[in-house]
Amino acid sequence: MKEELIRIENGHFQYESREYQFDVSIAKGECIGIYVDEHLASGAAYRGIFSGSSAMKDGRAFACGNRVRISEMRRWIHQNCMIIDKHRFITKELTAWDYVVALGKKKKRNRVQWREADCRISSPESQSILKGMGIEFGWKDKLNQLSMLEYYKLAIYKAWFVKSKIVVLDRMTEILRRQDVEEFMDCVQQLLGQGIAVFVLDLDEEFMYMYANRIDVMKNRKICYRLYPEEYDERLYEILGWERRRGVSEREDVILKEKGHIVLHADDLKFESMPPLSFQIRSGEIVFLRDENYNTASQIRDCFLGEKGWESGSFCLGGKYYDRNALLKLVGKEIGIQIEIADRKGGVLFDNLTALDNLSSSLIPKAGMRIFRKSVLDNILNEASDWFERDELLRPISEWPLIQRLRLTYYKWYLMNPMLLICLFPFAGQESSHHEMIIQMLVTCAKRGMAIWIISSGIDAICEKTENNEFLERLRYLNE
């Protein structure tokens, strides 16, 4: 039996004023998968255990087999755990050596400790780990010059170097390209071989099947099922309450047979620290731009919702060229911005308003002053009733479940029918069972003639699972 590292029994946690119940256990060299029904809330709360943002209120805690107080457990976690997620350390000055040594657990080292760190990083054991992980870049290489895969390999090496006992991997399948995930997990296997334990928080069940010794399933803000390899596959889908897709066939990208007119034409559009963008999108087309580190998405978001514009190049929408000031007047009208969060702040919806008020607040001004308000409201209510329950439409959307709020955001764009709909990381943080709804709503918007521009880290696995052929036929990759 492997030596236990951490165990929390009937643990009651508070995260952002909500109560969660987690049973946590892991031993040396184990890889445990955590499957959550709502990653933006429950997943963040679980991860918060290891970052200190989820406060443990009650329960029994054990560290290395010994019963400890809640305060002692928190201190043990701070000293022995490391989180690896999408928040890449951005710097133009620091090197790979700085990241591993200077930014390790001991930020303040005396002369002897610096000498020990130098000896360890050049030791035969370290060289063996580096070789096994395929890390070939130099220690003097700038951190910001490393590729995504190189950076995350370095993070895994750092977990070994600083002697972490537990590593938490948060949604790596959304960060790394599909072909890089396997190479990254080969590095993780070396950690496991060194006795370091790994928690995998992810929404890709196939990924967890391949690597996890056990999968803990979270529903309704608590760990409610614990599955072992012999129970994987159909059992997980049964618990989640949805059917697994039958068969995944290899698909090639298919360009629309009947292309619409050109809606967006970008020519050498240059943003800070990004190569120029040159592309075009036709009406009814869904195009995908890969963004591995959220840099592109943040620049586009700042351009349309913030205070930064592009440095050079041209942006032509509907056959007319715009500068940024003129373009901002089109946001919310001819340009829709769909971000990963459904409701304010920065989202599309106001959670204190009813669904009908949310729809009418944008549609009535578009209808014009001469249209009788009550007539417009009746028309919106009647049409929306084909998509949502009528009594739901008259309730504040803060009372709606997350998936329905998300669906309403796309429906709002469907009614407004902008020329261009920009979707920033639309699948991020959404459980797999919701992907089909998002795909269908994207197709629904495209069928109205909108040009859809998706910016995300990767949708390969989603494309392989979907049976929505119309989505695949409309989809085109911009930078593959």
Mind checking whether [X] and [Y] have side chains closer than 4.5 Å, heavy atoms only?
X: I215; Y: Y209; answer: yes
X: M172; Y: D170; answer: no
X: T444; Y: Y410; answer: no
X: C463; Y: F288; answer: no
X: E182; Y: M210; answer: no
X: L415; Y: K412; answer: no
X: R390; Y: N382; answer: yes
X: R74; Y: M56; answer: no

Nearest 0.5 Å please: distance from the [atom1] atom of [X] over to the [atom2] atom of [Y].
X: D180; Y: I175; atom1: CG; atom2: CD1; result: 12.0 Å
X: L393; Y: W400; atom1: CG; atom2: CH2; result: 5.0 Å
X: Q14; Y: Y20; atom1: CD; atom2: OH; result: 10.5 Å
X: L192; Y: E30; atom1: CG; atom2: CD; result: 9.5 Å
X: Q404; Y: H434; atom1: CD; atom2: NE2; result: 9.5 Å
X: I166; Y: L191; atom1: CD1; atom2: CG; result: 12.5 Å

(request) Would you please name every residue forming a ring-ring contact (aromatic ring centres under 6.0 Å, His included) with Y151, sequence neighbours left out? (result)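 Counting only residues at least two positions away or on another chain, Y151 forms a ring-ring contact (aromatic ring centres under 6.0 Å, His included) with Y99.
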Heavy-atom closest pair, residues [X] and [Y]:
X: L356; Y: L381; answer: CD1-N, 4.1 Å
X: C187; Y: I156; answer: O-CG2, 3.8 Å
X: C303; Y: L328; answer: O-CD2, 3.5 Å
X: S164; Y: M82; answer: OG-CB, 3.6 Å
X: I83; Y: S51; answer: CD1-CB, 3.7 Å
X: I337; Y: L421; answer: N-CD1, 4.4 Å

(message) Tell me whether the rings of F199 and Y46 are parallel (<30°), tilted (30 to 60°) or perpendicular (>60°).
(response)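 F199 and Y46: perpendicular rings.
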Counting only N and O atoms by type, is there a donor-acceptor contact under 3.5 Å from the side chain of [X] to the main-chain atoms of [Y]?
X: R407; Y: W387; result: yes
X: E19; Y: H12; result: no
X: T466; Y: I462; result: no
X: D23; Y: N10; result: yes

Any residue meeting salt bridge (Lys or Arg N to Asp or Glu O under 4.0 Å) with [X], in chain and number order, not counting sequence neighbours:
X: D216; answer: R214, R226
X: R395; answer: E399
X: K329; answer: none
X: E183; answer: K153

(request) Go through the steps to decide whether V200 and F207 satisfy the test side chain to side chain contact (heavy atoms under 4.5 Å, CB included), and finish with yes or no. (result) CA-CA 10 Å; V200 176; F207 169 69; 3.4 Å; yes
(message) Tell me if the NZ atom of K142 is crowded by more than 12 foreign heavy atoms within 6.0 Å.
(response)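 Counting other residues, nucleotides and ligands, NZ of K142 exceeds 12 neighbours.
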(message) Counting only heavy atoms from other residues, nucleotides and ligands, does the tally under 6.0 Å from CD of E389 exceed 12?
(response)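 No.
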(request) Quick one: do N295 and F271 satisfy side chain to side chain contact (heavy atoms under 4.5 Å, CB included)? Show the steps, please. (result) CA-CA 10 Å; N295 185 39; F271 294 92; over 6 Å; no
(request) List in chain and number order the residues that pass side-chain hydrogen bond (donor to acceptor under 3.5 Å, both in side chains) with T173, two or more places apart in sequence or in another chain; answer none if no residue qualifies. (result)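 With sequence neighbours excluded, T173 shows a side-chain hydrogen bond (donor to acceptor under 3.5 Å, both in side chains) to D202, given in chain and number order.
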(request) Please test M419 against L330 for side chain to side chain contact (heavy atoms under 4.5 Å, CB included), starting from the C-alpha separation and ending with a verdict. (result) CA-CA 10 Å; M419 283 194 286; L330 302 181; 5.5 Å; no
(request) Applying side chain to side chain contact (heavy atoms under 4.5 Å, CB included), run through R47 and Y15 and close with a yes or a no. (result) CA-CA 10 Å; R47 170 201 152 121; Y15 177 77; over 6 Å; no
